[in-house]
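I have placed the structure first, in the form of structure tokens, so that the comments after it can refer back to it.
Starting from 1, each residue takes its place in the sequence as its number. This is a predicted model, so every value here is computed, not measured.
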Amino acid sequence: MPEPRDAREWAVALFRRSVLKQRKLAEVTSLLGPTEGHRCLDLGSDNGVVSLLLRQGGGNWASGDLTDDAVASIRSLVETDVHLVQGDRLPFPDATFDRVAVVDMLEHVPDDEAFAAELGRVTKPGGRLVVNTPHLKKTALRRLRYALGQTDEKHGHLRPGYTLGRLHALFGSAFEMGPHRTYSRFFSEAVDTAINAALERMGKQSSAKGMVVTQADLSRHRRTFRLWSLVYPMVWAVTRLDALVPASGYMLVAAAERR
């Protein structure tokens, strides 16, 4: 791995070695549509790299997250218009945003119904909402994750995930539900399980926003991340086997339009 020189470089370097994060961004942006010329909001963008890359697509963006550490990490990458979300209340006026992306945050908020109402409040009529969240399904692999200690509680999930029906129930009164799909099938999920297990062995602690890898982690375990760069092409190849799996994926992404 080339030696990152600043916060943005290390964040992008890690992103380019995460199949799941790259797929996540691709799914969100494909449903979000063009952002140039629009007022946009992203919520829950991990270490901030999703915020950074979304802003590079154009538009006037605000970002928000649930913890001080997450907000600080996002701010280190995008600098401006980054907000702490306290409880279920969003710190924005009514009908502010044309585009809203909720990326792995819905399962973390204390009251998802109140949060859904807030998303309806801050989205302009005709505005587009995209929600990315774990897909609620019971499988042997998910049971294995729990057995390894990778529980919902440990990753800050107040709910294990959502079905499309539950998203309809949450957002259907304010939004017209649109395209949706699942992704990250067995092989990608197995890789993610192994990565999280390895991070825990390295001493990485989970937080209220899950396992968030930071620049400090990269500096502390530089040799490990260099090794990961060498094996990443093989990992990428393993995740391509998802195409052979007929079952639905472990992640759910859905779009909706504000009524």
Side-chain angles (χ1 to χ4, degrees), residues 14 17-25 27-28 43-47 50 65-67 69-70 88 102-113 115-116 131-170 180-214 217 221 224-225 228 231-232 234-236 238-254:
L14 289 175
R17 287 156 182 83
S18 172
V19 177
L20 181 58
K21 290 183 188 299
Q22 292 176 63
R23 181 65 184 276
K24 181 186 303 181
L25 181 64
E27 295 289 351
V28 168
L43 296 167
S45 74
D46 192 40
N47 60 14
V50 172
D65 215 322
L66 292 166
T67 68
D69 288 345
D88 306 301
V102 181
V103 185
D104 299 344
M105 184 165 165
L106 186 61
E107 64 274 15
H108 292 271
V109 298
D111 186 336
D112 57 355
E113 293 184 356
F115 185 64
V131 176
N132 184 88
T133 187
H135 185 208
L136 184 59
K137 54 184 290 186
K138 295 181 180 179
T139 66
L141 181 55
R142 185 146 284 177
R143 289 194 294 272
L144 174 62
R145 295 194 75 151
Y146 292 165
L148 292 172
Q150 298 178 23
T151 62
D152 293 305
E153 293 79 10
K154 191 168 188 177
H155 290 287
H157 294 183
L158 302 182
R159 288 161 296 281
Y162 291 83
T163 62
L164 183 62
R166 178 55 183 157
L167 292 185
H168 270 281
L170 274 178
H180 64 275
R181 50 184 171 262
T182 66
Y183 66 96
S184 190
R185 294 183 172 89
F186 173 82
F187 290 97
S188 291
E189 189 75 2
V191 165
D192 189 60
T193 299
I195 291 172
N196 277 280
L199 288 170
E200 288 188 356
R201 286 183 64 86
M202 290 163 54
K204 177 64 179 174
Q205 298 296 314
S206 188
S207 70
K209 281 304 308 300
M211 192 73 75
V212 178
V213 180
T214 66
D217 297 316
H221 302 290
T224 301
F225 284 111
W228 174 250
V231 303
Y232 173 74
M234 291 181 287
V235 172
W236 179 89
V238 169
T239 64
R240 298 304 94 183
L241 296 174
D242 275 356
L244 303 176
V245 179
S248 61
Y250 286 84
M251 298 301 297
L252 171 63
V253 58

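Pro110 places a side-chain heavy atom less than 4.5 Å from the side chain of Asp88. Within the 4.5 Å cutoff, side-chain heavy atoms of Val109 are placed close to those of Arg159. Under the 4.5 Å side-chain criterion, counting only non-hydrogen atoms from C-beta, Val50 is not in contact with Asp104. No side-chain heavy atom of Phe186 sits under 4.5 Å from any side-chain heavy atom of Leu241. A 4.5 Å side-chain heavy-atom check between Val131 and Leu170 finds every atom pair outside the cut-off. Counting heavy atoms from C-beta on, the side chains of Ser248 and His135 come closer than 4.5 Å. Between Lys24 and Tyr183, the closest side-chain pair of non-hydrogen atoms falls below 4.5 Å. Side-chain contact between Thr139 and Arg145 is absent, with no heavy-atom pair separated by less than 4.5 Å.
Judged by distance alone, the side chain of Asp65 and the main-chain N or O of Thr67 form no donor-acceptor pair under 3.5 Å. The backbone N or O of Ser188 sits less than 3.5 Å from a side-chain atom of Asp242, completing a donor-acceptor pair.
Taking OH of Tyr250 as the reference point, atom OG1 of Thr193 lies at 8.0 Å (rounded to 0.5 Å). Atom CZ of Phe187 is separated from atom OG1 of Thr239 by 10.5 Å, given to the nearest 0.5 angstrom. Atom OH of Tyr162 is separated from atom NE2 of His168 by 15.0 Å, given to the nearest 0.5 angstrom. Atom CE of Met251 sits about 13.5 Å away from atom CZ of Arg181, to the nearest 0.5 Å. The distance from atom OG1 of Thr151 to atom NE2 of His157, rounded to the nearest 0.5 Å, is 9.5 Å. To the nearest 0.5 Å, the span separating CG on Asp152 from CZ on Arg142 amounts to 7.0 Å.
Every residue two or more places apart in sequence or in another chain was checked for a side-chain hydrogen bond (donor to acceptor under 3.5 Å, both in side chains) with Thr163, and none qualifies.
In plain terms, the two heavy atoms of Leu136 and Gly161 that are nearest each other are CB-C, 3.8 Å. Looking at every heavy atom in both residues, Leu141 comes nearest to Ala190 through CD2-N, 3.7 Å. Closest non-hydrogen pair, Gln22 versus Arg17, comes out as NE2-N, 4.0 Å. Closest heavy-atom contact between Met105 and Gly44: SD-N, 3.5 Å. Between Tyr146 and Pro160, the shortest heavy-atom contact is OH-CB, 4.3 Å.
Screening Glu107, His108, Gln150 for a side chain to side chain contact (heavy atoms under 4.5 Å, CB included) with His155, the sole residue that qualifies is Gln150.
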For Val238 and Val191, run side-chain contact (heavy atoms from CB on, under 4.5 Å): C-alpha distance rounded to whole Å, both residues' side-chain angles, the deciding distance at 0.1 Å, then the answer.
CA-CA 8 Å; Val238 169; Val191 165; 4.2 Å; yes
